[in-house]
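Numbering of ligands and ligand atoms starts at 1, following listing order. Quantities reported herein were computed from a predicted structural model and do not represent experimental measurements.
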Amino acid sequence: MLTNEELWKAVLGEMETSLSRANFITWFKNTTIVAKDKGTILVSVPNGFIKEWLENKFNKKILQSIRILNPEIREVKYSIGKPKIDLNKQDFSKIIFEKEFEDKNDAPLDADIDKLTNLNKRYSFDSFVVGSNNELAYAACIAVTKNLGKLYNPLFLHGGVGLGKTHLLQAVGNKISEHRERRVLYVPAERFSANIVDAIRNKSIEDLKTQYSHLDLLIIDDVQFFAGKEKMQEITFSTFNELYGKNKQIVFSSDRPPRAIPAIEERLRSRFEGGMIADVGVPDFETRLAILKQKLVSKNIELEGDVLAYIATHMQKNVRELEGALNRVIAFSQVYNKIPDLKETKNILTTYLNAPYRKTSPQVILKAVADFYNISASDLLKRSRKKEVVKPRQVAMFLLRDETKLSFPEIGQKLGGRDHSTVIHACEKIRNESAVDEPLKQELILIKERVYNSFDK
Ligand code: ADP
Ligand code: MG
């Protein structure tokens, strides 16, 4: 009987004869069999792109060449990540097959988010590029950190999606929480609401209010969400008054100015308007270029000037899109092990550029996610807590949230009648993890590609 190592060597030999050298290296470098269990073999691969390619393009051939040597094998699975086991030891019997999900569902990635404050250290003033589109908002934020609760209270930032509001809000929070004794809480309005709903249900609303009243800085992101929600507005209003009365700072953000938030009580609106209001706008070309350069610093890769200029020229809508384009180019360079030139960059970004109306439907998203993770769409809706469906389900929630206009409760409904707080948790988790987990980020890119390509056809 061959060892796993010998078996995989034989497969690689077989594959090598049928592929160009460059191709072979691209797809099979750093792959290895990490486990064998009855009829299934688990192959570890370095990232999501490779996983997808091996599954879709090479799986049949790989399986064939394995079966020549070991006919008992009926299936090959691929998992992202480095094998943690000593390949020279042959005791693979105890390895669990869901390793892939174990590796990524667990806590260490959440570690970037401070449990107490909800702040992500990634968002700092240092990593924020100031341009004419955001200089007022930036200056106001800096002023707030220097005169907490005394100068601009509340501070209200508004502007479109992906223009840096959350980044600035969190930067304020991070700066203030450098002082250990200061209590800071960052909370998206939707989470704030969910907490209130839970507290009402558990009859602990007074406790919750007391907790808020002890803060030195309360940051509520995306308050447009309070539109039409009277109870939330009432509690926000009283929390605000309590903190304001004690000279404690409150910072709000919204995708539009207070005047334009519909169905909001006049007294809360006038509170929003009572301090300092600053907007963030769309960055100009120079600022977009500076942002790209800023983002590259942390990515450990250099791109040519014309490549950066091309991205900055074509990604005008917002910074999130700009960053998305950059990430795609970087993902390319990782997969092909080369720095893309201008021509390749154009190719990489065509799907972005040719999709002016990025429209999709929940069904398309659910199908794309299920296909990608090789489960059935109905598995996403079931109650199962198995790891191989929990993660895809969370990814589906996240994508439904990001790519459609569905609300959290509606998403819960679509996914087999789940609670909105479950959905919020899933969305936050995937968003946070994808910020630091490169393979997950690439998986999301690949799934979105499927979503938008399938819609075209
Ligand atoms: P919003 O909350 O307004 O929707 P975000 O703060 O989430 O937008 O910004 C989207 C992404 O763009 C984040 O990754 C953020 O770090 C980045 N970003 C936005 N503006 C800037 C900027 N001026 N400098 C650096 N990064 C920025
Ligand atoms: Mg935001």
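Using a distance-only test at 3.5 Å, with no hydrogens or angles considered, a donor-acceptor pair links the side chain of Asp216 to the main chain of Arg183. No donor-acceptor pair under 3.5 Å is formed between the side chain of His158 and the backbone N or O of Ser253. With Thr32 contributing its side chain and Val34 its backbone, the two residues share no donor-acceptor pair below 3.5 Å.
Ion pairing between a basic and an acidic side chain is recognised when a charged N comes within 4.0 Å of a carboxylate O; Lys391 and Glu443 show such pairing.
Contacts of Val280 with ligand 1, taken as heavy-atom pairs under 4.0 Å, are absent altogether. Using a 4.0 Å cut-off between heavy atoms, Gln294 makes no contact with ligand 1 at all. Heavy atoms from both the backbone and the side chain of Thr166 come within less than 4.0 Å of ligand 1.
Ligand 1 does not have Gln170 within reach: every non-hydrogen atom of the residue lies 4.0 Å or more from it.
When all heavy atoms of Ser124 and Ala171 are compared, the pair lying nearest together is C-CB, 3.7 Å.
Under a 4.0 Å criterion applied to the non-hydrogen atoms of Gly160, ligand 1 contributes the atoms 3 (O). Atoms of ligand 1 lying under 4.0 Å from at least one heavy atom of Arg122, given by number and element, are 14 (O).
Under 3.5 Å, the side chains of Glu242 and Tyr212 contain no donor-acceptor pair of N or O atoms. Side-chain contact, Asp284 with Thr287: a donor N or O sits under 3.5 Å from an acceptor N or O.
At the top of the distance list for atom 18 (N) of ligand 1, counting protein heavy atoms only, stands Val319 CG1, 3.2 Å. With hydrogens left out, the protein atom closest to atom 25 (C) of ligand 1 is Ser127 O, 3.3 Å, a heavy atom. Protein heavy atom closest to atom 23 (N) of ligand 1, with residue, atom name and distance, is Val129 O, 2.8 Å. At the shortest separation from atom 7 (O) of ligand 1 among protein heavy atoms lies Arg320 NH2, 2.9 Å. The protein heavy-atom contact nearest to atom 21 (C) of ligand 1 is Phe128 CE1, 3.7 Å.
Distances from atom 15 (C) of ligand 1 to the heavy atoms of Arg288, His167, Lys165, Glu135 show the closest one on His167. Of the listed options Gly164, Ser124, Ser253, Gly164 places a heavy atom closest to atom 9 (O) of ligand 1.
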*asked:* Apply side chain to side chain donor-acceptor pair (under 3.5 Å) to residues Tyr78 and Asn59 and explain how you reach the verdict.
replied: CA-CA 10 Å; Tyr78 304 89; Asn59 186 49; 2.9 Å; yes

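Lys293 meets the salt bridge (charged side-chain N to carboxylate O under 4.0 Å, His left out) test with no other residue; sequence neighbours excluded.
Under a cutoff of 6.0 Å and an axis angle of 45°, Arg431 and Phe398 do not form a cation-pi pair. Because its NZ or CZ atom is both nearer than 6.0 Å to the ring centre of Phe372 and within 45° of the ring axis, Lys51 counts as a cation-pi partner of that residue.
Excluding waters, the protein N/O/S atoms found under 2.8 Å from the Mg ion (ligand 2) are Thr166 OG1.
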